[in-house]
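Worksheet: one structure, shown below.
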Amino acid sequence: TAVLTAAAYTSLRGNLEDDARRTVSVSTAAREQGITQLFQLRQQRAEAFLVSVRSMCTEPLVGGRVAWLDECVRPMVDSFRRSERAIAALLTYGPRRLRRSGVRVGPETPAPGALVRVIRDADGGVQYAMKATRGELTLSLHFNHEQVARLFAEPSALGAGGELSMVDYDGHVLARIGTGSPTISGDSAAAFLENCRTGAAGFVGADYQGKRAFQSFRPLAAFGSACVAARVDYDQALAPAVQLRRQLFTRGAWFVLVGAILSLVAAQWISAPVRRLALSARKLQTGRFDRPIPLAGPSEVRALGSA
């Protein structure tokens with residue numbers, strides 16, 4: 001019973017650990033892919049728009065210069081901004097501003113090598129700035145947090161005790177599935193943010209709250225300053241194995257108790273005829289041949305009594 005209990009517990013524990021590592025790794029990879037694809041498609045559509053607006057809204061002039069048709073540029077920029085659900089769009093040609101659409105925003109641009117720049121306002125809101133360039137023609141776009149938040153509104157495979165979040169390198173939580181603080185702080189925050197920068201998948205370690213957890217991190221290359229992080233509490237992930245061990249111990253104890261009782265009953269049933277036959281043998285030894293010899297019990301004992 002003890003060997004079978006240990007084997008079942010060890011096997012289930014190993015399976016649960018593998019499942020938890022795989023779940024956090026898959027969750028971060030899926031969200032990272034979804035976020036990256038969202039902004040890559042936005043970038044591709046912005047670059048295609050520049051080609052279209054240049055070909056449709058310009059007239060060639062002498063010396064290779066072009067004249068921009070305002071009555072063409074304005075509706076194209078406005079329509080593109082609305083179709084992309086951007087809160088602001090600014091089209092410039094060199095130093096010249098051709099069209100500003102939407103709200104007025106600052107001139108934030110993504111870092112070199114990145115597609116997106118994360119902007120946090122004074123109210124704690126999040127915006128995303130992008131820029132597409134073709135020659136001297138530049139389109140700057142600003143988006144709100146709505147579509148990114150939708151990616152984190154979908155159910156997660158991490159369960160009720162899991163947490164999936166999008167975190168910037170300063171420790172601010174941009175989006176999250178689960179509950180927690182809006183910032184990453186505490187004694188383990190430095191290690192958490194370092195894993196966020198480097199990317200570590202499917203390992204067990206202390207999270208930013210100092211609790212042991214299965215964790216996974218996927219840097220967002222399109223941002224250059226954020227990552228997707230997932231965590232599942234270690235004890236909660238292994239709770240089924242602990243429960244199984246408790247059940248096996250309980251049932252094993254009952255099994256041993258019932259087995260001991262049955263063994264005692266069986267031993268009594270087997271040994272009682274032997275003890276009676278031994279008593280009869282001692283009486284014969286003293287010369288008392290008038291006492292009957294008991295012939296009961298298993299066949300071997302009855303054969304011995306007859307002999």
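If you read the sequence from its start, that first residue is 1, and numbering goes on from there.
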Handout entry: Gln285, CD: over 12 other non-hydrogen atoms inside 6.0 angstrom
Key = no

Between Arg117 and Pro110, the two heavy atoms sitting closest are CB-CA, 3.7 Å

Stepwise side chain to side chain donor-acceptor pair (under 3.5 Å) test for Ser25 and Arg21
CA-CA 6 Å; Ser25 298; Arg21 288 189 174 94; over 6 Å; no

Rounded to the nearest 0.5 Å, the CD atom of Gln40 sits from the CD atom of Gln44 at a distance of 6.5 Å

Looking only at side-chain N and O atoms, does Ser225 offer a donor or acceptor that is under 3.5 Å from a partner on Asp168? no

Check: Ser11 side chain, Ala8 main-chain N or O, donor-acceptor pair, under 3.5 Å: no

CD of Glu108 to CD1 of Ile119, rounded to nearest 0.5 Å, is 4.0 Å

Query - Pair Arg45 + Glu84, salt bridge at N-O below 4.0 Å - result: yes

| With a 4.5 Å limit on heavy-atom distance, are the side chains of Tyr234 and Glu17 in contact? | yes

4.5 Å side-chain heavy-atom contact, Thr23 and Ser27 = yes

Taking CZ in Arg120 as the centre, count heavy atoms belonging to other residues, nucleotides or ligands within less than 6.0 Å. Is the count above 12?
yes

- Can you find a heavy atom in the side chain of Gln215 that is under 4.5 Å from one in the side chain of Glu163? no

(Q) One pair to check against side-chain contact (heavy atoms from CB on, under 4.5 Å): Phe143 and Ile87. What are the steps and the verdict? (A) CA-CA 5 Å; Phe143 298 90; Ile87 61 175; 5.9 Å; no

Mark yes or no for whether Ser79, through its side chain, and Met76, through its backbone, hold a donor-acceptor pair below 3.5 Å. no

query = With a distance cut-off below 6.0 Å to the six-membered ring centre and an angular limit of 45° from the axis, does Arg246 pair with Phe249 as a cation-pi contact?
reply = no

| task | Identify whether Leu174 and Tyr169 are in the same connected component of the hydrophobic contact network (ILVMFWY, side-chain heavy atoms under 4.5 Å). | result | no

Taking every heavy atom of Ala237 against every heavy atom of Val232, the minimum-distance pair comes out as CB-CG1, 3.9 Å

dist Arg100:CZ -> Ser140:OG (nearest 0.5 Å) comes out at 9.5 Å

* Is Asp78 salt-bridged to Arg81, cutoff N-O under 4.0 Å? -> no

For Ile293 and Ser280 the tightest heavy-atom approach is CD1-CB, 3.8 Å

**Asked** Hey, quick one: are Val51 and Val53 part of the same hydrophobic cluster, counting side-chain heavy atoms closer than 4.5 Å, chains of contacts allowed?
**Response** no

- Taking C-beta and beyond as the side chain, do Arg42 and Leu141 meet within less than 4.5 Å on heavy atoms? no

Residues 135-218 vs disulfide (SG to SG under 2.5 Å), sequence neighbours excluded, gives Cys196-Cys227

Exercise for the section: Would you indicate whether the side-chain heavy atoms of Leu284 and Phe289 approach each other to under 4.5 Å? Expected result: yes

In short, Ser101 meets Val77 closest at the heavy-atom pair CB-CG1, 4.0 Å

In Val167, Val228, Asn195, the residue satisfying side-chain contact (heavy atoms from CB on, under 4.5 Å) with Phe217 is Asn195

When rounded to the nearest 0.5 Å, the distance separating CZ of Arg218 from CD1 of Ile35 is 11.5 Å

*Determine whether Tyr128 and Val118 make a side-chain contact, defined as any pair of heavy atoms from C-beta on separated by less than 4.5 Å.*
yes

* Counting only N and O atoms by type, is there a donor-acceptor contact under 3.5 Å from the side chain of Asp207 to the main-chain atoms of Gln209? -> yes

field: Co-membership, hydrophobic cluster, residues Phe192 and Phe214, 4.5 Å side-chain
entry: no

*Stepwise side-chain contact (heavy atoms from CB on, under 4.5 Å) check, Leu137 with Trp68*: CA-CA 11 Å; Leu137 192 61; Trp68 288 91; 3.7 Å; yes

* Are Thr10 and Arg13 close enough that some pair of their side-chain heavy atoms sits under 4.5 Å apart? -> no

Practice problem: Answer whether the closest heavy-atom distance between the side chains of Val73 and Leu91 falls below 4.5 Å. | Solution: yes

Inset, instruction - Give a yes or no on this: more than 12 heavy atoms of other residues, nucleotides or ligands lie within 6.0 Å of atom CZ of Phe203. - result: yes

In this structure, CG of Leu158 is separated from CD of Gln236 (nearest 0.5 Å) by 10.5 Å

Quiz item: So, His145 side chain and Ala175 main chain: donor-acceptor pair closer than 3.5 Å or not?
Solution: no

TODO: Please answer: with hydrophobic residues joined when any side-chain heavy atoms are less than 4.5 Å apart, are Leu151 and Met130 in the same cluster?
DONE: yes

inquiry  = side-chain contact (heavy atoms from CB on, under 4.5 Å), that's the test. Do Arg96 and Glu136 meet it? Break it down for me.
reply    = CA-CA 10 Å; Arg96 177 186 174 187; Glu136 295 183 75; over 6 Å; no

The reported gap from CH2 in Trp254 to OG1 in Thr1 (rounded to nearest 0.5 angstrom) is 14.5 Å

Closest heavy-atom pair, Ser216 versus Ala201, reported as atoms and distance to 0.1 Å, is OG-CA, 3.5 Å

Between Arg74 and Glu71 the two heavy atoms that sit nearest each other are NH2-CA, 4.0 Å

For this session: Evaluate side-chain contact (heavy atoms from CB on, under 4.5 Å) for Arg54 paired with Leu50, printing each intermediate quantity in order.
Result: CA-CA 6 Å; Arg54 185 181 180 91; Leu50 293 179; over 6 Å; no

Hphob cluster co-occupancy, Ile177 + Leu220, side-chain heavy atoms under 4.5 angstrom:
yes

Checklist entry - Side chains of Glu32 and Thr36: donor-acceptor distance under 3.5 Å anywhere? => result yes

N-O pairing of Asp235 and Lys211 below 4.0 Å:
no

Taking atom CD of Gln33 as the centre, does the number of heavy atoms from other residues, nucleotides or ligands within less than 6.0 Å exceed 12?
no

Determine, for Glu47 against Arg134, whether the closest basic-nitrogen to carboxylate-oxygen distance falls under 4.0 angstrom. no

For this session: Measure up the Phe80 and Phe49 rings against each other and bin them: parallel (under 30°), tilted (30 to 60°), perpendicular (over 60°).
Result: parallel

